[in-house]
2 protein chains.
Amino acid sequence: MRYHRSDIVDRAIGVLDEYGLESLTMRRLAAELDVQPSALYHHVPNKQTLLAAVADEIVRRGRRPRRAETWDGRVVELCGELRDAMLAYRDGAEVVVTAHTFGLGAREPVAELRRCLRDAGLTEEVGDVAARTLLHLVFGHTVEEQTALQATSAGAIDRSPWGPTDFERGLDLVLDGLRCRVRD
Amino acid sequence: MRYHRSDIVDRAIGVLDEYGLESLTMRRLAAELDVQPSALYHHVPNKQTLLAAVADEIVRRGRRPRRAETWDGRVVELCGELRDAMLAYRDGAEVVVTAHTFGLGAREPVAELRRCLRDAGLTEEVGDVAARTLLHLVFGHTVEEQTALQATSAGAIDRSPWGPTDFERGLDLVLDGLRCRVRD
DNA sequence: ACCTGAACACCGTTCAAGT
DNA sequence: ACCTGAACACCGTTCAAGT
């Protein structure tokens with residue numbers, strides 16, 4: 001039985017979660033699949049593309065049903081889902097953010113955020129700026145949070161400065177600004 | 001005449017700006033200084049530390065005199081200065097953000113931001129959350145902006161979606177939320 | 001103290017050759 | 001079509017030896 005692209009991505013996520021991003025090399029992944037490094041290039045054009053696929057899959061696996069009925073409740077839900085998705089795998093935030101930086105993968109969350117803000121009655125311009133702002137917030141916070149979490153679990157620092165509500169508080173700051181504009 | 005640490009950092013910024021982050025290798029930098037790669041390790045313990053020093057220097061070179069008299073004007077000034085500092089060198093945003101992610105370098109801007117928000121009368125808690133939120137915003141926006149700018153100058157895309165006021169608009173969103181809290 | 005030269009243990013990627 | 005085996009052109013870092 002031969003491998004498919006999804007097998008490579010699945011195994012890549014396994015290596016990522018178990019050994020971290022710095023250990024996720026093409027050679028290491030190939031060894032894990034009992035295959036020559038060159039064999040991977042029949043399923044994926046290069047490492048960057050593989051990492052983008054990994055990022056997409058991490059985000060996809062974190063999807064949850066929508067519950068909130070207000071637009072701002074939905075924003076909190078969306079951002080929380082994205083954060084949890086990234087935190088679910090070691091170095092997940094790093095991978096997703098890097099992929100997004102290069103314009104690859106993980107485009108679905110920002111699209112959904114934008115739709116949500118448009119439905120709230122914001123202009124296309126304000127909605128787009130707000131969607132990007134919120135995404136930057138979620139990305140920045142989560143990378144920092146995950147770095148701190150992984151540092152503490154490695155025994156480097158004793159306690160992290162992250163309360164469970166720290167994320168929501170940053171979010172609320174932006175939402176306050178948005179709620180003003182919605183009412184206009 | 002022997003090299004000093006600052007010579008290595010200066011030259012590293014030169015290589016970064018001219019050839020980009022992917023070309024800034026220890027071996028390339030050594031060649032540029034007409035020295036063996038191993039010689040660099042007498043001035044810097046490893047590449048990560050060197051990049052943190054590069055990040056600090058990029059931020060330091062961007063410093064400008066303070067003019068604003070209101071606290072929110074000062075926040076805009078501070079964030080604008082940091083953005084301009086990172087945009088001044090090729091891949092500058094990437095380098096500064098990465099260093100910050102690993103808890104190295106570029107700690108001064110966030111400290112100044114925090115002082116500014118405390119002086120505005122915010123509680124220590126809200127001020128800290130806000131300072132991090134603003135930093136994430138500046139970092140996220142600027143990395144994206146620089147990637148777009150460098151892509152267009154490489155001829156990949158024709159026009160960028162970044163108006164000159166796009167940055168300030170995202171900032172204003174957060175500032176609106178903060179201004180509400182200051183008045184309480 | 002600062003640098004050289006050589007080595008160690010890796011990378012991502014390509015490509016002819018096999019099945 | 002999918003994989004092997006070998007190679008190419010690199011990395012960061014270490015360390016004995018020189019001056």
Side-chain angles (χ1 to χ4, degrees), chain A residues 1-57 90-91 94-95 97-99 101-105 154, chain B residues 1-57 90-91 94-95 97-99 101-105 154:
Chain A
M1 242 292 276
R2 258 100 170 204
Y3 288 122
H4 278 103
R5 191 188 148 101
S6 61
D7 301 318
I8 276 86
V9 173
D10 281 358
R11 194 65 146 214
I13 293 181
V15 173
L16 179 73
D17 197 40
E18 205 167 346
Y19 307 101
L21 180 56
E22 72 175 13
S23 295
L24 180 48
T25 67
M26 297 301 268
R27 299 180 103 103
R28 173 72 184 263
L29 180 58
E32 206 87 9
L33 291 161
D34 265 314
V35 126
Q36 293 291 321
S38 50
L40 298 177
Y41 291 86
H42 285 270
H43 303 97
V44 138
N46 51 48
K47 189 181 181 180
Q48 200 184 178
T49 305
L50 172 64
L51 285 175
V54 166
D56 270 334
E57 180 63 13
R90 161 125 81 129
D91 293 331
E94 189 80 50
V95 172
V97 172
T98 303
T101 297
F102 294 128
L104 304 166
Chain B
M1 244 292 275
R2 258 99 170 202
Y3 288 122
H4 279 103
R5 192 187 149 99
S6 62
D7 301 318
I8 276 85
V9 173
D10 282 359
R11 196 65 147 214
I13 292 181
V15 173
L16 178 74
D17 197 40
E18 205 168 345
Y19 307 102
L21 181 56
E22 72 174 15
S23 296
L24 179 49
T25 68
M26 296 301 267
R27 299 181 103 103
R28 174 71 185 263
L29 180 57
E32 206 88 7
L33 292 160
D34 264 314
V35 124
Q36 293 291 321
S38 51
L40 297 177
Y41 291 85
H42 285 271
H43 302 97
V44 138
N46 51 49
K47 190 181 180 180
Q48 199 184 178
T49 306
L50 172 65
L51 285 175
V54 165
D56 269 334
E57 179 63 13
R90 161 124 84 128
D91 292 332
E94 189 80 50
V95 172
V97 172
T98 302
T101 296
F102 294 128
L104 304 166

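Every chain is numbered from 1 and lettered A, B, ... according to where its sequence line falls, protein lines coming before strand lines. Note that these values count all heavy atoms, side chains included, but never hydrogens, waters or copies made by symmetry.
As a whole-Å value, the separation of H4(B) NE2 from dC2(C) P is 7 Å. Distance, L51(B) CG to dG12(D) C1': 12 Å, rounded to whole Å. Taking atom CZ of R28(A) as the reference point, atom C1' of dC11(C) lies 14 Å away to the nearest angstrom. As a whole-Å value, the separation of L50(B) CG from dC11(D) P is 15 Å. Separating the CD1 atom of I8(A) from the P atom of dA1(D) is a distance of 17 Å, rounded to the nearest angstrom. A straight line from NZ of K47(A) to P of dT14(C) spans 15 Å, rounded to a whole angstrom. Following rounding to the nearest Å, R2(A) (CZ) and dC2(D) (C1') show an atom-to-atom distance of 5 Å. In this structure, L21(A) places its CG atom 13 Å from P of dC11(C), rounding to the nearest Å.
When the options L104(B), L21(B), T98(B) are evaluated for a side chain to side chain contact (heavy atoms under 4.5 Å, CB included) with L51(B), the one that passes is L21(B).
Summarising the base pairing, dA1(C) is matched to dT19(D) through a Watson-Crick or G-U wobble pair whose two defining distances lie under 3.5 Å. The partner of dG12(C), taking Watson-Crick or G-U wobble pairs whose two distances both stay under 3.5 Å, is dC8(D).
Nearest heavy atoms, K47(B) versus T25(B): NZ-CA, 4.1 Å.
At a threshold of 4.5 Å between non-hydrogen side-chain atoms, the residues P37(A) and M26(A) do not count as touching.
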**Request:** Evaluate the criterion side-chain contact (heavy atoms from CB on, under 4.5 Å) for residue pair L29(B) and L50(B); output intermediate values, then yes/no.
**Result:** CA-CA 11 Å; L29(B) 180 57; L50(B) 172 65; 3.6 Å; yes
**Request:** Please assess D91(B) against L24(B) for the test side-chain contact (heavy atoms from CB on, under 4.5 Å), listing each intermediate value before the final yes or no.
**Result:** CA-CA 11 Å; D91(B) 292 332; L24(B) 179 49; over 6 Å; no
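Ranked by how close their nearest DNA chain D nucleotide is to the 5' end, T25(B) and R27(A) are led by R27(A). Comparing P45(A) and S23(A) against DNA chain C, the residue whose closest nucleotide sits nearer the 5' end is S23(A).
Taking atom P in both dA9(D) and dA9(C), one finds a spacing of 23 Å when rounded to whole Å.
At distances below 3.5 Å, at least one donor-acceptor pair connects side-chain atoms of Y3(A) with backbone N or O atoms of L33(A).
Atoms CZ and NE2, from R2(A) and H43(A) in turn, are 9.0 Å apart once rounded to the nearest 0.5 Å.
For the segment residues 36-43 of chain A, the set of residues with a heavy atom within less than 4.0 Å of an atom of DNA chain D comprises Q36(A), S38(A), A39(A), H42(A), H43(A), in numerical order.
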